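Beneath this line is the structure, given in structure tokens, with notes to follow.
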Number of protein chains: 2
Amino acid sequence: MLDNIILGMLMKSEMSGYGLKKIIEHDIGAFYSASFGSIYPALERLKRQNYVKLTEIKNGARVKKIYSITQSGRAVFMSYLAEPIKMGGERNEHILKIYFLDFLPEKQRSLVLLEFIQKTKMYLGALEQVEKMLDTAQMGNDGNYCEFSTLYYGIEASRLTIRYCEHIRDRKPLKKLLERGPF
Amino acid sequence: MLDNIILGMLMKSEMSGYGLKKIIEHDIGAFYSASFGSIYPALERLKRQNYVKLTEIKNGARVKKIYSITQSGRAVFMSYLAEPIKMGGERNEHILKIYFLDFLPEKQRSLVLLEFIQKTKMYLGALEQVEKMLDTAQMGNDGNYCEFSTLYYGIEASRLTIRYCEHIRDRKPLKKLLERGPF
DNA sequence: GGACACATGTAAATGGTTACATGATTTT
DNA sequence: AAAATCATGTAACCATTTACATGTGTCC
């Protein structure tokens, strides 16, 4: 998976390992994360397979290692992209814990839920800030519509999580979770 | 993680490794999955740590290995449950691929999206069937409200995914994704 | 008697994380 | 001159999947 993400990011622009870490964190941090300990070996692996190539830029005592994608790297990435999206590639540890929350006494349960609701609201706020900025910058109209759309998915997914957690904290009838307006 | 899930499932009822696999698949398969190759060694590990105990039930040529949770296992699980839910424990490979979908030509892109929408609709249909059954069985009213609630979360999350994918397949303005009715 | 679900396990490979080690450059 | 950030890397560890190996019980 990481290999494909690195190739995808290098499709946008050449980058260092450090730069990859940052863009992965910022752009897709809500759905994925990677550590330096996986990124650097992955770049080495991709280089050996000739999917990326390395350009060393010396300025002063420092050597910057910039990786760019090769033609065969592009081909590999494009064939990954064209594959059907496979189901079952999800892991949601939040909901997993909620599944077991019946075992916790009422007081502790609502405490855990409330704390999580607060954290999710903070996170949602940050996403909405990013959206506001990118919206005034007129992003997401042309060649980065899909990329930009994942931010909107993140916002909606966070809102769902908050609505869901508040609903079960208040122990409202579960059926009502499915009832939304006319849209 | 798997260790805690196994302990949680054994809180409900004693079970075999095979039974654990099935209940994990059925109950939390939407958020988590585990293979036999992880379950059996996990049970062995938990037994060594004295968090579960093994009862061998012989009937005929066959020996059934039933695991049950011990007092210290209960304590470990309860302290996991009472911990705050940590953010960043998510992995959504679906949305990850959509992030890169700008690189795919229009035709292939809508093909990939359509195929995924179809699969998600099938999956949603299955969840709704389960909901209908459990609803008539009057589940989720007492000691399994939270457990049952995750099914409703799964339904809502699937609906969001479908709405999101259809929205971007049709390239509707992203802002409109955030607009819902008065609820 | 064949297919399928039940049932348990192991070995190798995969795909990471965490912690450590090191040092340059920029900002305060 | 200290702190933060930029920058690269390795080794040990961890969790887990995949593939293999083996056999039993049940249903048609």
Side-chain angles (χ1 to χ4, degrees), chain A residues 1-10 14-26 28-29 31-49 51-52 54-67 80 86-93 96, chain B residues 1-10 14-26 28-29 31-49 51-52 54-67 80 86-93 96:
Chain A
M1 192 74 265
L2 179 55
D3 289 41
N4 282 322
I5 290 164
I6 289 177
L7 290 177
M9 291 304 184
L10 293 180
E14 55 176 29
M15 234 177 282
S16 67
Y18 189 84
L20 274 166
K21 175 77 163 36
K22 293 224 317 184
I23 203 170
I24 287 171
E25 225 166 278
H26 177 267
I28 54 175
F31 325 116
Y32 191 84
S33 65
S35 62
F36 286 124
S38 61
I39 290 171
Y40 286 117
L43 283 167
E44 189 53 40
R45 200 163 52 235
L46 290 167
K47 198 179 69 182
R48 271 204 313 275
Q49 290 170 116
Y51 296 155
V52 307
L54 169 62
T55 314
E56 299 202 335
I57 293 165
K58 299 181 211 335
N59 51 334
R62 193 178 201 151
V63 180
K64 246 193 165 184
K65 296 192 162 188
I66 300 296
Y67 293 87
Y80 150 75
K86 72 172 197 330
M87 301 291 279
E90 282 175 298
R91 190 150 289 209
N92 191 327
E93 293 184 18
L96 208 45
Chain B
M1 194 72 263
L2 178 56
D3 290 42
N4 282 322
I5 290 164
I6 288 176
L7 290 178
M9 291 305 185
L10 294 181
E14 55 177 29
M15 232 176 284
S16 67
Y18 188 85
L20 275 165
K21 175 75 164 33
K22 292 223 320 184
I23 203 169
I24 287 170
E25 226 166 277
H26 178 267
I28 55 176
F31 325 117
Y32 191 83
S33 64
S35 61
F36 286 124
S38 61
I39 291 171
Y40 286 117
L43 283 168
E44 188 53 40
R45 202 163 51 236
L46 291 167
K47 198 179 69 181
R48 271 204 313 275
Q49 290 169 115
Y51 296 155
V52 306
L54 169 61
T55 315
E56 299 202 334
I57 293 165
K58 299 182 213 330
N59 51 335
R62 193 177 201 149
V63 182
K64 246 194 164 182
K65 297 193 163 186
I66 299 297
Y67 293 87
Y80 150 75
K86 69 172 201 330
M87 301 290 279
E90 283 175 298
R91 190 150 289 210
N92 191 328
E93 292 182 19
L96 208 46

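We name chains A, B, ... by the order of the sequence lines, and we start the count at 1 in each one. Computed from heavy atoms alone, side chains included, the values below leave out hydrogens, waters and symmetry copies. On a predicted model such as this, the values are computed, not experimentally measured, just so you know.
- Note that CD1 of Ile24(A) and CG of Leu96(B) are 9.0 Å apart. Values are rounded to the nearest 0.5 Å.
- Distance Leu20(B) CG to dA7(C) P: 12 Å, rounded to the nearest Å.
- For His26(B) and dC6(C), the NE2 to P distance is 13 Å, given to the nearest whole Å.
- Here the straight-line distance linking atom CG of Leu10(A) with atom CD1 of Ile66(A) works out to 10.0 Å at 0.5 Å rounding.
- Residues Glu93(B) and Lys86(A) come closest through the heavy atom pair OE1-NZ, 3.1 Å.
- One can place CD1 of Ile23(A) at 17 Å from C1' of dA7(D), the figure rounded to the nearest angstrom.
- Looking at which nucleotide of DNA chain C each of Pro41(B) and Lys22(B) is closest to, the 5′-most match is held by Lys22(B).
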List every contact pair, protein side and nucleotides 1-4 of chain C side both N or O, where the distance is under 3.5 Å.
none

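- Two residues are said to be in side-chain contact when any heavy atoms from C-beta on lie closer than 4.5 Å; Tyr67(B) and Met15(B) fail this criterion.
- Here the CG atom belonging to Leu20(B) is positioned 10.5 Å from the CD1 atom belonging to Ile5(B), to the nearest 0.5 angstrom.
- With dC6(D), dT8(D), dG9(C) as the candidates, the nucleotide lying closest to the side chain of Tyr40(A) is dT8(D).
- Heavy atoms of Lys21(B) sit nowhere under 4.0 angstrom from any nucleic acid atom.
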Item to complete: Using a 4.0 Å heavy-atom cut-off, write out nucleotides 13-18 of chain C from 5' to 3' as B (base contacted by protein), S (sugar-phosphate only) or - (no contact).
Response: ---SBB

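- In the set dG9(D), dG9(C), dA7(C), the nucleotide with an atom closest to the side chain of Tyr67(A) is dG9(D).
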Worksheet item: Nucleotide by nucleotide, 5' to 3', does protein get under 4.0 Å of the base (B), only the sugar-phosphate (S), or neither (-) in nucleotides 22-28 of chain D, counting heavy atoms?
Response: -BBS---

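- The side chain of Tyr18(B) places an N or O atom within less than 4.0 Å of a non-bridging phosphate oxygen (OP1 or OP2) of dC6(C).
- Side-chain contact between Ser33(A) and Glu90(B) is absent, with no heavy-atom pair separated by less than 4.5 Å.
- The CG atom of Asn92(B) sits 11.0 Å away from atom CD1 of Ile28(A), with the distance rounded to the nearest 0.5 Å.
- Checking side-chain atoms of Arg62(A) against main-chain N and O of Ile57(A) turns up no donor-acceptor pair under 3.5 Å.
- Between the NZ atom of Lys65(A) and the C1' atom of dG23(C) there is a distance of 14 Å, given to the nearest Å.
- Distance check, rounded to the nearest 0.5 Å: CG of Leu7(A) to CG of Leu2(A) gives 9.5 Å.
- Contact of the Ser16(A) side chain with the Lys21(A) side chain is not registered, since no non-hydrogen atoms from C-beta on lie closer than 4.5 Å.
- Per the geometry, CG belonging to Leu43(B) stands 15 Å off P belonging to dA15(D), to the nearest Å.
- For Glu14(A), the side chain to side chain donor-acceptor pair (under 3.5 Å) criterion is met by no residue, not counting sequence neighbours.
- Using a 4.0 Å cut-off, some side-chain N or O of Ser16(B) falls inside it from OP1 or OP2 of dT8(C).
- Taking atom CD1 of Ile66(B) as the reference point, atom C1' of dA7(C) lies 11 Å away to the nearest angstrom.
- Atom-to-atom, CD1 of Ile57(B) to C1' of dA7(C) comes out at 14 Å; the value is rounded to the nearest Å.
- Axis orientation changes by 40° from one end of the helix from dG1(C)-dC28(D) to dT28(C)-dA1(D) to the other, with each end axis drawn from 5 pairs and the value rounded to 10°.
- Taken from CZ in Arg91(A) to OH in Tyr32(B), the straight-line distance is 5.0 Å, to the nearest 0.5 Å.
- Regarding contacts with the backbone of dA7(D), a side-chain N or O of Lys64(A) is found under 4.0 angstrom from either OP1 or OP2.
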Distance-only donor-acceptor hits, side chain of residues 35-48 of chain B, under 3.5 Å, sequence neighbours excluded:
{"residue": "Ser38(B)", "atom": "OG", "partner": "Ser35(B)", "partner atom": "N", "Å": "3.4"}
{"residue": "Ser38(B)", "atom": "OG", "partner": "Ser35(B)", "partner atom": "O", "Å": "2.8"}
{"residue": "Arg45(B)", "atom": "NE", "partner": "Asp3(B)", "partner atom": "OD2", "Å": "3.4"}
{"residue": "Arg45(B)", "atom": "NH2", "partner": "Asp3(B)", "partner atom": "OD1", "Å": "2.7"}

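- Following rounding to the nearest Å, Met15(B) (CE) and dT8(C) (C1') show an atom-to-atom distance of 17 Å.
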